Structure formats: structure tokens, C-alpha cells
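Okay, so here's the structure we're looking at.
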Amino acid sequence: MSRQRSRRVELPPAQENIEKLEKVVNDGNYYGAQQMYKSVSARYVSAQRYCEALDILHSGACIQLSHGQVTCGAELALLFVETLGKGKIPYNEEILERLDKIYKSFPRVSLPQNLWDVDDMQQLSENIGSAKTRVEGCSSFLKAAIKWSAGNGVNKNGSPELHIMLAEYIFSESPEVDMAKVTHHFVRGNNPKKFASTLVSFLGKCYPGEDDLAIARAVLRYLSSGNLKDANILMEEIKKQTESAEVAFPKTELMQFIAYLLQTLERDALPLFSMLRANFKPSIEREPAFNEVR
């Protein structure tokens with residue numbers, strides 16, 4: 001009579017695998033290393049050794065990204081976040097630091113300010129394609145991390161620090177910046193002064209008519225979330241930084257509306273607010289999203 005025996009495979013300390021896999025990457029076998037990172041980390045997850053699985057995936061994401069392997073690195077970064085959830089790892093400063101290290105490992109490549117002011121159109125097309133890949137990879141990773149952090153009770157909207165990271169990367173790396181997305185994540189962040197710096201940078205290179213819309217959208221997004229304090233900080237910083245950066249602060253009816261609106265809300269004067277909406281209706285109607293503010 002034959003007897004089946006179940007034998008538990010003993011796993012070595014994670015560091016042994018990390019060192020072996022880093023050598024595979026450094027030797028240029030990125031795809032082979034990628035499959036090994038996934039299979040090896042899965043064994044630690046199956047054994048419920050989540051911390052060691054996280055060590056392996058974190059190392060893999062960072063080293064692949066440092067070698068410019070965005071697709072591989074982003075996949076391992078997503079697996080890192082997925083493993084945080086499987087292991088029911090709580091959100092804390094240590095985990096935030098590890099997420100930040102992965103984020104900072106995503107490549108940054110400067111694109112020409114005027115994308116069409118180049119001679120080699122094929123090279124330009126390749127650069128834009130690479131930029132989109134970087135933004136999509138980093139965005140997918142950070143959105144997953146934000147969702148995970150929200151589920152851990154740190155904030156119903158997710159970690160403010162992670163929102164800031166995503167806003168910064170979208171702004172700095174996107175071939176065509178979507179300021180609505182940048183604004184969405186900055187407003188859910190916790191650094192209006194950094195947001196002001198980003199907006200001032202945008203003012204220096206945006207098309208005519210986009211400058212006041214960008215500022216107004218930012219202020220109204222803060223207000224719609226009930227954050228009058230950061231809306232005021234943002235406006236003060238933009239005015240201060242445009243003076244020092246020698247960038248023109250837009251002087252339009254829309255900016256007048258925003259200035260009056262902030263003063264009115266400080267007084268909690270609903271009749272004045274209604275009057276402002278009526279008097280500045282043409283300026284407000286330039287952006288449909290402005291009507292969300294009641």
C-alpha cells in the first residue's frame with residue numbers, strides 16, 4: 001500500500017532570492033527576472049510570509065524601474081500593493097516610505113516644451129509613446145495604492161501623500177497635461193503650496209485663456225470639498241509665486257469672481273454668494289464643472 005506524503009517546501013530567507021534576482025536583472029535578463037520575481041514572491045504569499053513577499057516585490061519593482069523597464073517595474077509595483085491587501089498590512093509611515101521609493105524609481109524624461117518644435121518626427125513619436133507608458137504605469141500603481149490606503153481607514157479618499165505623488169507625476173511626465181486630473185489629486189492631497197508651484201509652472205506655458213480657468217478650477221474644487229482654508233492658501237501662494245517668478249497673474253473677470261467669492265465665504269454670506277453667481281454668470285459658464293459649487 002502506497003502512502004502519499006505531503007511535504008512542506010522550506011523557503012529560504014527572502015534576501016537570498018533578492019540577491020539572486022538582482023543579479024539576473026543586472027545581467028540584462030529583464031523578462032526572465034520578471035517571471036522569477038512573480039513566481040518566487042507567489043510562493044512566499046502562499047506560505048503567508050507576506051513581509052518577505054513584499055521585500056522581494058519591492059526590490060524587483062525598484063531595480064526594474066531603475067533599469068528603465070517601466071512595464072516590468074509597474075507590474076511588480078502593482079503586485080506589491082496587491083500583497084499589502086492580501087497580508088492585511090496596515091497603512092503606516094514605513095509602508096508610505098516604501099511606496100514613495102517605488103514612485104521615485106519611475107523614470108523622469110524631459111520632453112520639449114513645444115512638442116512640435118523638433119526635426120525628427122519619428123523620435124518625437126517614440127518619446128511621446130514612452131511618456132504615455134510611464135504615466136500609465138505609474139498612475140496604475142498609485143491609483144491601486146490610493147485605493148488600498150482608503151480601505152485601511154487612513155482617509156476616505158486615500159492617502160493625501162499618494163494623491164500628491166500622482167498629481168506631480170501626471171503633470172511632469174504627461175505629453176499633454178490634463179490639468180483637471182492634476183487638480184483632482186492635488187485637492188485630495190495635503191500640500192496647497194506645492195499645488196500653487198505647479199499651477200504657476202503651468203501658467204508659464206499654457207495657452208491663452210487656460211490660466212484663469214486652471215486657477216478657478218483649483219479653488220472651486222477645494223471649496224466643493226469644504227476646504228476653504230487650503231483654497232485661501234492656494235490663492236495667496238499663487239500671487240506670491242507669480243511675482244517672484246515673473247509670471248503674469250491673470251486679471252480677468254473670472255479671477256475677480258474668485259477673489260470676491262473667497263471674501264464672501266469668509267463672511268458666510270449666502271445672499272452675496274447668490275449675487276456673485278448671477279453677476280459673473282458668463283465667466284462661470286466657461287467651465288461646466290464650476291456649476292458643481294453651490
Side-chain angles (χ1 to χ4, degrees), residues 108 110-116 128 131-132 135 138-139 142-143 157 160 163-265 273 276-277 279-294:
R108 269 84 168 163
S110 298
L111 289 172
Q113 185 168 341
N114 185 345
L115 285 177
W116 303 108
I128 291 174
K132 287 181 177 178
V135 173
C138 190
S139 296
L142 286 174
K143 285 177 182 177
N157 292 321
H163 278 290
I164 295 289
M165 292 178 201
L166 182 50
E168 286 185 313
Y169 200 83
I170 292 173
F171 181 77
S172 66
E173 297 302 312
S174 296
E176 296 179 13
V177 179
D178 185 340
M179 283 305 294
K181 286 184 180 178
V182 172
T183 297
H184 171 82
H185 291 291
F186 263 121
V187 169
R188 293 192 170 195
N190 56 0
N191 197 330
K193 291 185 178 182
K194 184 172 285 188
F195 188 14
S197 298
T198 300
L199 283 169
V200 171
S201 176
F202 178 73
L203 297 183
K205 57 188 177 184
C206 67
Y207 293 109
E210 288 186 331
D211 48 4
D212 61 343
L213 281 174
I215 296 171
R217 183 187 297 116
V219 171
L220 292 173
R221 288 293 184 194
Y222 273 126
L223 296 179
S224 65
S225 64
N227 192 347
L228 176 58
K229 177 185 175 183
D230 282 354
N232 278 314
I233 292 173
L234 181 76
M235 282 299 290
E236 290 170 6
E237 279 296 316
I238 291 174
K239 290 175 182 178
K240 186 189 302 181
Q241 292 185 31
T242 50
E243 289 178 5
S244 60
E246 297 184 353
V247 174
F249 183 87
K251 299 183 184 299
T252 63
E253 284 195 357
L254 185 55
M255 287 295 91
Q256 281 186 304
F257 166 71
I258 293 298
Y260 291 145
L261 176 61
L262 290 172
Q263 293 172 24
T264 300
L265 292 176
F273 175 63
L276 282 174
R277 286 180 60 86
N279 290 346
F280 288 91
K281 185 177 179 182
S283 295
I284 297 171
E285 287 181 342
R286 288 173 57 199
E287 171 61 64
F290 293 170
N291 289 312
E292 294 178 14
V293 180
R294 302 297 182 197

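Everything numeric in this text was worked out from a predicted model, so none of it was measured. Computation of the quantities below employed the complete heavy-atom set of this structure, encompassing side-chain atoms and omitting hydrogens, waters and symmetry-equivalent molecules.
The side-chain hydrogen bond (donor to acceptor under 3.5 Å, both in side chains) search around K240 returns E237, not counting sequence neighbours. Every residue two or more places apart in sequence or in another chain that forms a side-chain contact (heavy atoms from CB on, under 4.5 Å) with A180 is listed here: D178, R217. When the salt bridge (charged side-chain N to carboxylate O under 4.0 Å, His left out) test is applied to K194, the partners found at least two apart in sequence or on another chain are E168. Qualifying side-chain contact (heavy atoms from CB on, under 4.5 Å) partners for S172, counting only residues two or more places apart in sequence or in other chains: none. By the side-chain contact (heavy atoms from CB on, under 4.5 Å) test, S225 pairs with V187, N227, sequence neighbours left out. Applying the side-chain hydrogen bond (donor to acceptor under 3.5 Å, both in side chains) criterion to N232, with sequence neighbours excluded, gives E266.
Between the CG atom in L166 and the CZ atom in R188 there is a gap of 11.5 Å [rounded to 0.5 Å]. In this structure, CG on N157 lies 11.0 Å from NE2 on H185, to the nearest 0.5 angstrom. For the atom pair NZ of K205 and CD of E210, the computed distance is 11.5 Å after rounding to the nearest 0.5 Å. A distance of 10.5 Å separates NZ of K143 from SG of C138, quoted to the nearest 0.5 Å. To the nearest 0.5 angstrom, L213 atom CG is 8.0 Å from D211 atom CG. Here CG of L234 is found 14.0 Å from CZ of R221. Values are rounded to the nearest 0.5 Å.
Within the 4.5 Å cutoff, side-chain heavy atoms of L199 are placed close to those of M179. Side-chain contact check for T183 versus F195: some heavy-atom pair is nearer than 4.5 Å. The shortest side-chain heavy-atom distance between I258 and L220 falls under the 4.5 Å cut-off. Residues Y169 and R108 have side chains in contact (heavy-atom distance under 4.5 Å, counting atoms from C-beta outward).
Among pairs with a residue in residues 197-246, none fulfils ring pair (Phe, Tyr, Trp, His ring centres under 6.0 Å), at least two apart in sequence or across chains.
Heavy-atom minimum distance, G204 versus V247: N-CG1, 4.2 Å. Residue M255 comes nearest to P250 through the heavy atom pair CG-O, 3.3 Å, listed as atom of the first residue, atom of the second, then distance. Residues P175 and K132 approach most closely at CG-CG, 4.1 Å, considering heavy atoms. Scanning both residues, A231 and L262, for their nearest heavy atoms gives CB-CD2, 4.1 Å. Here the closest non-hydrogen pair linking V182 and A167 is O-CB, 3.7 Å.
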**OP:** Applying side chain to side chain contact (heavy atoms under 4.5 Å, CB included), run through L261 and V219 and close with a yes or a no.
**Re:** CA-CA 10 Å; L261 176 61; V219 171; 5.5 Å; no
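Listed for the T242 side chain is a donor-acceptor partner under 3.5 Å among the backbone atoms of K239.
None of V200, I215, D212 except one satisfies the side-chain contact (heavy atoms from CB on, under 4.5 Å) rule with F249; the exception is I215.
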